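Reminder, nothing fancy here: chain letters follow the sequence lines and each chain counts from 1. Just so it is clear, the structure is predicted and the values come from calculations on it, not from any experiment.
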2 protein chains.
Amino acid sequence: MMPRKSRAETMEANRQKLISAAREAFATAGFASASMDELTASVGLTRGALYHGFGDKKGLLAAVIAQVDGEMATRAKEAGAQVNDPWESLLAEATAYIEMALDPQIRRIVLLDGPAILGDPSQWPSQNACLATTEQAVADLVARGVMKPVDVEAASRLLSGAAFDAALWVGASDAPDIALPKAVHAYRTMAEGFLAK
Amino acid sequence: MMPRKSRAETMEANRQKLISAAREAFATAGFASASMDELTASVGLTRGALYHGFGDKKGLLAAVIAQVDGEMATRAKEAGAQVNDPWESLLAEATAYIEMALDPQIRRIVLLDGPAILGDPSQWPSQNACLATTEQAVADLVARGVMKPVDVEAASRLLSGAAFDAALWVGASDAPDIALPKAVHAYRTMAEGFLAK
DNA sequence: GCACATTGCATACGGAGCGTATGTGAGCTG
DNA sequence: CAGCTCACATACGCTCCGTATGCAATGTGC
């Protein structure tokens, strides 16, 4: 009865502890300034665990981003599902992205450090759940004729990219609570360029 | 007759040599991996010159970005000036941004590393000439009633941000020459959301 | 024009961090 | 229960950044 925790269990637990600590450290210090010695020590481990489980520092970032990206896509889908009109549903998803990205953790890790370290989001290993969900919605709207017949990949990339860019602008603004409605309104206006007449 | 070069002249020359070398090094290796020892040695100097003239590594990046940003804004203005119709002039500027950002140097330094190291472009020390020029054009179009009466700051930020995002997508694409026209077309379509009816 | 102050840049030093190579002890296996 | 496995710890070397100090050439007051 001794092994209250099996080997695989503690391994997964340690993995999550590291990812959780990394979300905090990467968000507050930034990827470059985050010390892996401190990070691992803060959860009672050493760098040995890190390099065994994630390969290198970038690997840990990729794991963090994959997790956050998944959470964001889930929340966006939920927001979109609460609206019936298909076009408004897409805008609800996008607005959800903007509001989620006001979280400094997300801005710093996913929007700033992520592209710089891992390259353009379109070729992240986690295959970008956020981008995939908007692409799905856009493909549907184009098929229904709600949106003009534009290239689905390009349009969805522009829509999600603009949403995150709007969030970066709001987050860097002096008065985010004032900038947010401006950004959302401008975003909706711009997105309507895709609407079929 | 000895001092063929005055002190101020050599100082400015060294400054430009460092900036020029940094554009190359930051673009190929990325900001984080660029060694300042190698960089300074490549132009016959040492890190002493760097820290005296730019403060730190980030300072050199800021100087590089200020220079590139200025060049981009100039080229965009030229592209816009070649078109008479004011709305098409704005689109010409934006398309110029997309095409310029296909240069790997610009993508890597200005679009990827820049925001990660210096923060959101809206608050760069060089006060972002690119953003300023599109803001100028947008303000004019709103005043003329060509564009809907949206918030100028928000709209111009979305327009320039989307242009650069489009370039990132094209640059990361497998077949950039195929993706580019798709991106430009989708961009134009989306931007028309701002057009007054 | 000469002594002196200035300063742009080089040299030297210390510290931190990453990645790897190797060790080890707790769990799985037969 | 004996031996293997492997997740993780330990130890090492290397690179790199930032600062403190030194120096020599340029510019300045008299």
When the side chains of residues 162-181 of chain A are checked against the rest of the protein, which donor-acceptor pairs come out under 3.5 Å, sequence neighbours left out?
residue: A/Asp165; atom: OD1; partner: B/Arg157; partner atom: NH2; Å: 3.2
residue: A/Asp165; atom: OD2; partner: B/Arg157; partner atom: NE; Å: 3.0
residue: A/Ser173; atom: OG; partner: A/Ala175; partner atom: N; Å: 3.2

So does [X] pair up with [Y], basic N to acidic O under 4.0 Å?
X: B/Lys17; Y: B/Glu24; result: no
X: B/Arg144; Y: B/Asp140; result: yes
X: B/Glu71; Y: B/Lys77; result: no

Nearest-0.5 Å distance that lies between atom CG in A/Asn128 and atom CD in A/Glu135: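 Answer rounded to 0.5 Å: 9.5 Å.
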From CD (A/Gln82) to CD (A/Glu93), nearest 0.5 Å: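 Interatomic distance, A/Gln82 CD to A/Glu93 CD, rounded to 0.5 Å: 11.5 Å.
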What integer distance in Å separates [X]:[atom1] from [N]:[atom2]?
X: B/Leu60; N: D/dC17; atom1: CG; atom2: C1'; answer: 13 Å
X: A/Ile117; N: C/dC18; atom1: CD1; atom2: C1'; answer: 14 Å
X: B/Lys58; N: D/dC16; atom1: NZ; atom2: C1'; answer: 17 Å
X: A/Glu12; N: D/dC6; atom1: CD; atom2: P; answer: 18 Å
X: B/Phe54; N: C/dG8; atom1: CZ; atom2: P; answer: 13 Å
X: A/Leu50; N: D/dA9; atom1: CG; atom2: P; answer: 10 Å
X: A/Lys57; N: C/dG19; atom1: NZ; atom2: P; answer: 8 Å
X: A/Asp56; N: C/dC18; atom1: CG; atom2: P; answer: 11 Å

D/dA7 OP1/OP2 closer than 4.0 Å to side-chain N/O of A/Asn14: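 Checking A/Asn14 against D/dA7: no side-chain N or O falls below 4.0 Å of OP1 or OP2.
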Phosphate contact (D/dC8 OP1 or OP2) by A/His52 side-chain N/O below 4.0 Å: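 Negative; the distance criterion is not met.
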Five-pair end axes of the helix from C/dG1-D/dC30 to C/dG30-D/dC1 and the angle they enclose, rounded to 10°: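 Computed angle between terminal axes is 10°.
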Any side-chain heavy-atom pair of A/Ile109 and A/Val68 under 4.5 Å: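 SC-SC contact between A/Ile109 and A/Val68 ruled out.
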Contact check, side chains of A/Tyr187 and A/Leu159, non-hydrogen atoms, under 4.5 Å: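 Yes, at least one pair of side-chain atoms sits under 4.5 Å.
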Set of residues satisfying side chain to side chain donor-acceptor pair (under 3.5 Å) with respect to A/Tyr97, sequence neighbours excluded: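 Once residues adjacent in sequence are excluded, the partners of A/Tyr97 under the side chain to side chain donor-acceptor pair (under 3.5 Å) criterion are A/Thr133.
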Partners meeting side chain to side chain donor-acceptor pair (under 3.5 Å) with B/Arg188 (sequence neighbours left out):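 In terms of side chain to side chain donor-acceptor pair (under 3.5 Å), with neighbours along the sequence ignored, B/Arg188 is linked to B/Glu88.
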DNA chain D contacts made by residues 21-35 of chain B, counting heavy atoms under 4.0 Å: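 B/Ala34, B/Ser35 - these, ordered by number, are the residues of the stretch whose heavy atoms sit under 4.0 Å from the strand.
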Nucleic acid contacts - residues 36-48 of chain A versus DNA chain C, non-hydrogen atoms under 4.0 Å: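 The answer is A/Met36, A/Arg47.
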Heavy-atom closest pair, residues A/Gly70 and A/Ala129: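 Heavy-atom minimum between the residues: CA-CB, 4.4 Å.
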Closest listed nucleotide, where the reference is the side chain of A/Met11 and the choices are D/dG18, C/dG8, D/dC8: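 For the A/Met11 side chain, the nearest candidate turns out to be D/dC8.
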